[in-house]
There are 2 protein chains.
Amino acid sequence: MDAIDYQIMRELQLNAKISMKELASKVFLSSPAVIERVKKLEENGTIKGYQTLIDPEKLDKAITAIVLFETTKCKELYAFCENHPDVLECYRVAGQISYIAKVCTESVHTLEKFIDESMKYGSPSTNIVLSSQENMQIKLTDKLLNQG
Amino acid sequence: MDAIDYQIMRELQLNAKISMKELASKVFLSSPAVIERVKKLEENGTIKGYQTLIDPEKLDKAITAIVLFETTKCKELYAFCENHPDVLECYRVAGQISYIAKVCTESVHTLEKFIDESMKYGSPSTNIVLSSQENMQIKLTDKLLNQG
DNA sequence: ATTGAAACGCCAGAAAC
DNA sequence: GTTTCTGGCGTTTCAAT
C-alpha cells in the first residue's frame with residue numbers, strides 16, 4: 001500500500017467509472033499495472049464496492065433527520081432500523097446516547113410515524129437536517145498521498 | 001420516472017460498474033434504451049455520481065465517532081469540519097443540538113486532538129461507534145419499485 | 001417518437017517479454 | 001511493470017414500427 005495506491009483510491013472515489021486507461025495516465029503507470037493494483041485492493045477488501053449516488057430529494061424524500069436514542073433495547077432497535085425503508089444508516093455508539101439513526105423520508109408526517117414506531121424501542125431525540133456536507137468514506141488528503 | 005427507472009437505480013446502487021448490457025437484461029430492455037434512461041437520470045441530477053467504497057479500517061482509521069455539538073458558531077464549525085481531514089460528514093440540524101459531525105480517525109489520541117480543537121467552536125459530546133449499518137443513499141424497496 | 005439491429009471504436013484482460 | 005494482442009462491450013447510426 002504505497003502512495004500510488006492512495007492516488008488510485010482517490011481517483012476511484014471521485015469517479016468509480018473512470019476507465020483503467022485514464023486512471024493509468026493519472027498515476028503515470030500502464031493500464032495492466034493499474035488493473036493489477038485495483039484488483040488487489042478489491043481482493044484484500046480495501047475497496048468494498050462501487051456505488052451509484054442517488055439524490056434523495058429527486059425521489060421525493062425531502063426530509064433527512066438524525067435521531068438519537070437512549071435505550072437498553074439495542075438489538076430490537078437495530079432490527080427495527082435495519083428493516084425500516086427510511087433508515088439509511090444506523091450506529092450503535094458508546095457515549096451519552098446509545099443509538100443513532102439517519103432517516104430519510106417524504107414529509108414530517110412520515111417522520112412522525114417513524115418516531116412514534118421507534119418509541120417502542122427507546123427514547124428518541126430527533127434532529128432535522130437543515131444542510132449537510134457528505135463527502136466520501138475517506139478523505140485522501142495530499143498529506144496522506146505524500147506520506148504513502 | 002417509472003418503475004423501470006427505480007429498478008435501474010437499484011441495480012446501479014448495488015453495483016455502479018455493471019455493464020449496460022447486463023443492466024438491460026435485468027430490466028428487460030435493449031441496451032440503447034437503458035443507456036438513454038441512465039443518461040437522463042444523470043442529466044436531471046437524480047444520479048449524482050459514481051463512488052468507490054473504501055474501508056477506513058484498512059487505511060488504519062480504526063475509530064469512528066459521531067460528535068454532537070451545542071453551538072452558536074455554526075459557520076465557524078462548518079469551516080472547521082469541512083477542512084478537517086477526519087470529518088467525513090457533517091450536518092447542520094434543528095433539534096436539541098445544532099451540529100453533528102462524523103469523524104473517522106486513527107486512534108483515541110487523534111480523536112482527543114479533534115475534540116480539543118473543536119471546542120473552540122462549540123460544546124462537543126462524543127459518541128464512539130461500536131458497530132454500524134451503512135447501506136445506501138436510498139432504500140429502493142419492492143414497494144417503491146412496484147408503485148412506480 | 002421510440003424501439004430493436006448492426007457496425008464501429010475503444011477498453012479490459014491475458015500472454016509474452 | 002510494459003508492450004502487444006484479442007475478445008467483448010459501449011456507443012452511434014440506421015431502419016422499422
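Reminder, nothing fancy here: chain letters follow the sequence lines and each chain counts from 1.
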Practice prompt. Could you tell me from which nucleotide to which nucleotide of DNA chain C, 5' to 3', there is an atom under 4.0 Å from chain B heavy atoms?
Written response: dG4(C) to dA5(C)
Practice prompt. Please name the residue in the list Arg37(A), Lys40(A), Lys39(A) that meets the salt bridge (Lys or Arg N to Asp or Glu O under 4.0 Å) test with Asp5(A).
Written response: Arg37(A)
Discussion item. Tell me if the CD atom of Glu134(A) is crowded by more than 12 foreign heavy atoms within 6.0 Å.
Written reply: yes
Fill in: Length of the CD-P vector between Glu36(B) and dC14(D), whole Å
16 Å
Discussion item. Hydrophobic cluster membership, with links at side-chain heavy-atom distances under 4.5 Å among I/L/V/M/F/W/Y: are Val129(A) and Ile54(A) in one?
Written reply: no
Worksheet entry | CD (Gln133(B)) with more than 12 external heavy atoms under 6.0 Å | yes
Worksheet item: Could you give all pairs that pass the side-chain hydrogen bond (donor to acceptor under 3.5 Å, both in side chains) test and reach residues 41-53 of chain B, with sequence neighbours left out?
Response: Glu42(B)-Tyr50(B), Asn44(B)-Thr46(B)
Practice prompt. Determine whether the side chains of Ser125(A) and Gln96(B) contain a donor N or O and an acceptor N or O closer than 3.5 Å.
Written response: yes
Discussion item. Below 4.0 angstrom, which residues in residues 47-54 of chain B have at least one non-hydrogen atom near DNA chain D?
Written reply: none
Worksheet item: How would you list all residue pairs meeting ring pair (Phe, Tyr, Trp, His ring centres under 6.0 Å) that involve residues 66-98 of chain B, not counting sequence neighbours?
Response: Phe80(B)-His84(B), Phe80(B)-Phe114(B), Phe80(B)-Tyr121(B), His84(B)-Phe114(B)
Discussion item. With side chain to side chain contact (heavy atoms under 4.5 Å, CB included) as the test, pick out the partner of Leu23(A) among Leu29(A), Asn15(A), Ile35(A), Ile18(A).
Written reply: Ile18(A)
Worksheet item: Can you name the side-chain contact (heavy atoms from CB on, under 4.5 Å) partners of Lys73(A), sequence neighbours left out?
Response: Thr71(A), Glu76(A)
Worksheet item: NA contact type, Arg37(A), heavy-atom cut-off 4.0 Å: base, sugar-phosphate, or nothing?
Response: sugar-phosphate
Worksheet, complete the sentence: Per side chain to side chain contact (heavy atoms under 4.5 Å, CB included), Ile63(A) is matched among Thr105(A), Val103(A), Asp86(A) by Thr105(A)
Worksheet item: Contacts to DNA chain D from residues 14-28 of chain A, heavy-atom cutoff under 4.0 Å, which residues?
Response: none
Item to complete: Using a heavy-atom cut-off of under 4.0 Å over every strand shown, decide if Leu29(B) touches base, sugar-phosphate, or nothing.
Response: nothing
